[in-house]
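Every heavy atom of this structure was used, including side-chain atoms; hydrogens, water molecules and symmetry mates were not. Small disclaimer: the values here were computed from a predicted structure and weren't measured.
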Amino acid sequence: MAMTHTTLQPFPLSPLNHNAFLFSSRNLPLPRKLKHAHVTKSQSFASTLYKKHTLLSYGCFGISRSRIRSSASEVQEEQNQKPGVVKRAYPFDEIEPKWQRYWEENRIFRTPDDVDTSKPKYYVLDMFPYPSGAGLHVGHPLGYTATDILARFKRMQGYNVLHPMGWDAFGLPAEQYAIETGTHPKLTTLRNINRFRAQLKSLGFSYDWDREISTIEPDYYKWTQWIFLQLLKRGLAYQAEVPVNWCPALGTVLANEEVVDGVSERGGHPVIRKPMRQWMLKITAYADRLLEDLDELDWPESIKEMQRNWIGRSEGAEVEFFVLDSVGRETDMKITVYTTRPDTIFGATYLVVAPEYTLLSSIVSTEQRECVEEYQDIASRKSDLERTELQKEKTGVFSGCYAKNPTSGEPIPIWVADYVLGSYGTGAIMAVPAHDARDHEFASKFNIPVKWVVTPNNGSCIEPEKAYSGEGIIINSSNMEVGLDINGFSRKEAAYKVIEWAEKTGKGKKKVNYKLRDWLFARQRYWGEPIPVIFLEDSGESIPVLETELPLTLPELDDFTPSGTGEPPLSKAVSWVKTIDPSSGKPAMRETNTMPQWAGSCWYYLRFMDPKNSNELVDKAKEKYWSPVDVYVGGAEHAVLHLLYSRFWHKVLYDIGVVSTKEPFKCVINQGIILGEVQFTAYKDTDGNYVSADSADELGEYLQEIIPEERVVKSGEFYALKDNPDIRLIARAHKMSKSRGNVVNPDDVVCEYGADSLRLYEMFMGPFRDSKTWNTSGIEGVHRFLGRTWRLIVGSPLHHGAFRDGTLVTDEEPSTEQLRALHKCIAKVTEEIEGTRFNTGISAMMEFINAAYKWDKHPKAIIEAFVLLLSPYAPHMAEELWSRLGHPDSLAYEAFPKADPTYLKESTIVLPVQINGKTRGTIEVEKGCSEEDAFTLASKDEKLSKYLDGKPIRKRIFVPGKILNVILDRQTAKAASIQ
């Protein structure tokens, strides 16, 4: 069935007739909050506007800055305006609410449950936002605007478009707020969602709000719990005692990424490592598939490489080193190490075990036990990321014991160091300081011997103060007593020989390893999905909740505070925790851990396909039609974990027949971030004197002062104090944050310039994938462009400030020149939208408007096509113009214009003109121009005529389409001058 829509409500009886509020600049009242005396250092967006311009006007949205005329054409357009009177560029403050109401009331962007599957589909999705209390800042709409342009564009090209929005609403921030204020996290979350939704609607995004979902709704997390049960059935969910990042203050386990410098990212609370019973998901079982299938994806190579590194597949060997007793004899205890460089085993001069290594307490000597335990305690406060940071100073402690190198037979010391993780490999490594930079740094610090076993192929000398990790020939690596001699072999050949020897002698084996660890899937918090498992009281056996009993809903709690013992807040809901196993009738206890925030966001893209289905996660026919997501847009901060976890769950669902594709997201695009406006920082010494930023050795010892823009001057490539140009400043744009006071609220921008201006500016700032700096003056340019577009089509405001009804367009046939300008614009805009080069698409439309202002008349056929081109970018204005052009329906499903190749061919060329073989200028000629016509044009050219006027010509050389060379008769000219 073809895509249909509900019956449209009629338009207002007449197009908008906006009366601008007019004020004399002399008598303009100034709001108290904008007066100079009340402008603080950390200026608001509105106060910045006041600082730059003194003329303001009041409209239904609040305060609106006057539009400063920036071109001769705009001056001409506004020449009838009375002195000292300010008018809006166009009535966006009425247009935008009008069309937002119309879209919502008529459900214009609703994608029907049953679509015509013979039509192509386009599923464009934004990464699930978390509805924080702060609401949106202007950085958020960057990605949302891009996906909206794509969605509108594809609808107009005849695609069935799925463009939904929802909320990743479980999470720690809402729970922390609940703890601090006593407000239930659901109330906080719903309030935040309402604010986010209102802000998104105010920007005109064409989401299908009928498909809105939220991870906190039982109808949604019923299926999150169902997926967990499928993982449990297949042995992919299990419990284990694992060391975790435990934050006593937050009362929960934190992921490695949530711990910075030993404290929680949120709140800065101390974090320790301690073993706890946790649910784990066996993502490692899918490591190879997660790695191999990356090659098929249209993702940025940088993201794919990040995922490859996170999975970290490596081939090597596991080798056994026997621990020696106090007199140097082998014991029954052995340390198994994993190495990717078995070829260097003769160069292993010490072993390193992780502080959490399981056999460490059995290995450590009595004399060193206290030192080792103290070191373990220190290491427990660090995250895995901190411990493995390459730039950090290496720390460690000697265990007091030795092991035997199985190849050389030499005793080597066993050290404990936190740069080795108990969760990677076996938790122990053989250290080869001659050929590993990290091991070399450690050995140098603790005076451990270095033994060179690889020499470069080119015979160059090895630098003893550095490790050599390149290719080469093996040396110093022979011990016939154990039957191994690899001297003279290449690295690859030697590695093969060592593995062969290890397997033959029982000393080790070939091994493939991964950095990827199983997914820690439990949090000690209230505000999350309950895990559908119970435990029998008598045996502790875990029993999955029956699928027919889902959803297992969260109980109501008044006290969300952590217990401080590791027991989750849900343990306080005693009547909920105590239950009966339905199969045996035995007393049981519910699992009181909840799922992590990642859970709900792993599969939401599937639910959008079929959000109201109560019988299954997604209807098979709908999933088969809509999968995979065609374009998935979001920040690079989700490049690894979110995408990796989603891919893992998707592959499990593929294996059990729920989905039809191996991968969830066909194309992933990371938008750049929008930084706050550039801040200028000056430095002062202790006496209060300014110090130039380029003359101070250590700026950290000086006081900093933020300098207002009006006190700054550009000096070459740098910035300096206007009243003292010798004082150079630091100019830097920072990520928007409340602490820096550089957050720009989109509500303020919409109030001041309109949603279309904000959308257009964010797309015009630069390439979509690049980071960009917000600049308030920049939005003025695109706002003027929209104002010029409005006045071109509707006309300038009348003397009383109102705009006329209808438009200025004519019904006459367009000229060839107009058709060329239009179709050139169509081709460029189409190409740039498809390539997500939105900024250059806007440039093409600006060029068209500039050209159109030179025409005497504006045919309706030309203007209508341009309005359709504009609509994905500035939909409110486009809808209003479309209505004024006489169309009763929304343009949302009108056919997007197609470029006619006939009008894309250039009819003229630029022809170089030479005088006596030297190029003196160029002329523009028609293709196929004759020699005589070309010479006539050259003779009339202002620059060329001075070389030709009155000069005798000996001959002309003309190559059609290439060159005109005029050879002057110099002798005749000379004789004439003598006479």
inquiry  = What verdict does the side chain to side chain contact (heavy atoms under 4.5 Å, CB included) test give for Val631 and Leu150, after you've listed the backbone C-alpha separation in whole Å, the side-chain angles of each residue and the deciding distance to 0.1 Å?
reply    = CA-CA 9 Å; Val631 175; Leu150 292 170; 4.3 Å; yes
Side-chain contact, heavy-atom cut-off 4.5 Å: [X] with [Y]?
| X | Y | answer |
| --- | --- | --- |
| Glu880 | Arg884 | yes |
| Lys121 | Asp630 | yes |
| Ile303 | Val668 | yes |
| Leu792 | Tyr853 | yes |
| Phe935 | Val966 | yes |
| Asn916 | Tyr947 | no |
| Phe205 | Pro141 | yes |
| Ser939 | Leu944 | no |

ask   = Taking it one step at a time, do Leu125 and Val633 satisfy side chain to side chain contact (heavy atoms under 4.5 Å, CB included)?
value = CA-CA 6 Å; Leu125 184 64; Val633 175; over 6 Å; no
Any donor and acceptor pair, going by atom type alone, linking the side chain of [X] with main-chain N or O of [Y] inside 3.5 Å?
| X | Y | answer |
| --- | --- | --- |
| Glu96 | Asp756 | yes |
| Tyr761 | Asn775 | yes |
| Glu762 | Leu142 | yes |
| Glu924 | Ile909 | no |
| Asn839 | Met763 | no |
| His858 | Ala852 | yes |
| Lys666 | Tyr632 | no |
| Ser715 | Phe718 | no |
| Thr919 | Gly921 | no |

Shortest non-hydrogen contact between [X] and [Y], atoms and distance:
| X | Y | answer |
| --- | --- | --- |
| Leu911 | Phe958 | CD2-CE1, 4.0 Å |
| Ala89 | Trp790 | O-CD1, 4.1 Å |
| Leu760 | Tyr873 | CD1-CB, 3.5 Å |
| Glu942 | Ser945 | O-OG, 3.2 Å |
| Lys772 | Pro767 | NZ-O, 2.9 Å |
| Val124 | Ala151 | CG1-CB, 3.8 Å |

request  = May I ask you to check whether Trp882 and His887 place their ring centres under 6.0 Å from each other?
outcome  =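 Under 6.0 Å, so yes.
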ask   = Aromatic ring centroids of Phe92 and His783 under 6.0 Å?
value =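 Ring centres of His783 and Phe92 closer than 6.0 Å.
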Give, for atom [atom1] of [X] and atom [atom2] of [Y], the distance between the pair rounded to the nearest 0.5 Å.
| X | Y | atom1 | atom2 | value |
| --- | --- | --- | --- | --- |
| Gln157 | Tyr893 | CD | OH | 14.5 Å |
| Lys860 | Glu812 | NZ | CD | 13.5 Å |
| Leu822 | Phe848 | CG | CZ | 5.5 Å |
| Ile957 | Ile963 | CD1 | CD1 | 8.5 Å |
| Leu675 | Ser771 | CG | OG | 5.5 Å |
| Tyr123 | Cys667 | OH | SG | 14.5 Å |

Quiz question: by atom type and distance under 3.5 Å, do the side chains of [X] and [Y] form a donor-acceptor pair?
| X | Y | result |
| --- | --- | --- |
| Asp148 | Thr145 | no |
| Arg788 | Asn850 | yes |
| Trp855 | Gln818 | no |

message = Quick one, Arg308 with Glu301, criterion salt bridge (charged side-chain N to carboxylate O under 4.0 Å, His left out). Give me CA distance, side-chain angles, the key distance, then yes/no.
response = CA-CA 10 Å; Arg308 291 186 188 105; Glu301 192 56 40; 2.9 Å; yes
From CA spacing to verdict: salt bridge (charged side-chain N to carboxylate O under 4.0 Å, His left out), Glu932, Arg956 = CA-CA 10 Å; Glu932 194 60 41; Arg956 298 192 305 235; 2.9 Å; yes
task = Please step through side-chain hydrogen bond (donor to acceptor under 3.5 Å, both in side chains) for the pair Ser871 and Glu879, ending with a clear verdict.
result = CA-CA 7 Å; Ser871 64; Glu879 287 276 23; over 6 Å; no
task = Test side chain to side chain contact (heavy atoms under 4.5 Å, CB included) on Thr807 and Ile863 and set out the steps.
result = CA-CA 10 Å; Thr807 67; Ile863 297 304; over 6 Å; no
key: Test log, rule side chain to side chain contact (heavy atoms under 4.5 Å, CB included), inputs Trp99 and Ser883   = CA-CA 11 Å; Trp99 288 103; Ser883 170; 4.0 Å; yes
task = Kindly determine whether Glu677 and Thr773 satisfy side-chain hydrogen bond (donor to acceptor under 3.5 Å, both in side chains), including the steps that lead there.
result = CA-CA 6 Å; Glu677 292 208 53; Thr773 301; over 6 Å; no
request  = Give a yes or no on whether a salt bridge exists between Lys955 and Asp969, defined as a side-chain N under 4.0 angstrom from a carboxylate O.
outcome  =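 Between Asp969 and Lys955 there is no salt bridge, as every charged N stays at least 4.0 Å from the carboxylate O atoms.
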ask   = So does Lys304 pair up with Asp295, basic N to acidic O under 4.0 Å?
value =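 No.
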ask   = Testing Lys119, Lys154, Arg155 for side-chain contact (heavy atoms from CB on, under 4.5 Å) with Asn160, which one passes?
value =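 By the side-chain contact (heavy atoms from CB on, under 4.5 Å) criterion, Asn160 pairs with just one of Lys119, Lys154, Arg155: Lys119.
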request  = Sort and list the pairs that fulfil side-chain hydrogen bond (donor to acceptor under 3.5 Å, both in side chains) and have at least one residue in residues 820-830, not counting sequence neighbours.
outcome  =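 The answer is Arg820-Ser907.
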Neighbour count >12 (heavy atoms, 6.0 Å) for atom [atom1], [X]:
| X | atom1 | result |
| --- | --- | --- |
| Lys735 | NZ | no |
| Arg732 | CZ | no |
| Tyr903 | OH | no |

task = Give me the ring orientation class for Phe768 and Phe838: parallel if the planes are under 30° apart, tilted from 30 to 60°, perpendicular past 60°.
result =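 Perpendicular: the ring planes of Phe768 and Phe838 meet at over 60°.
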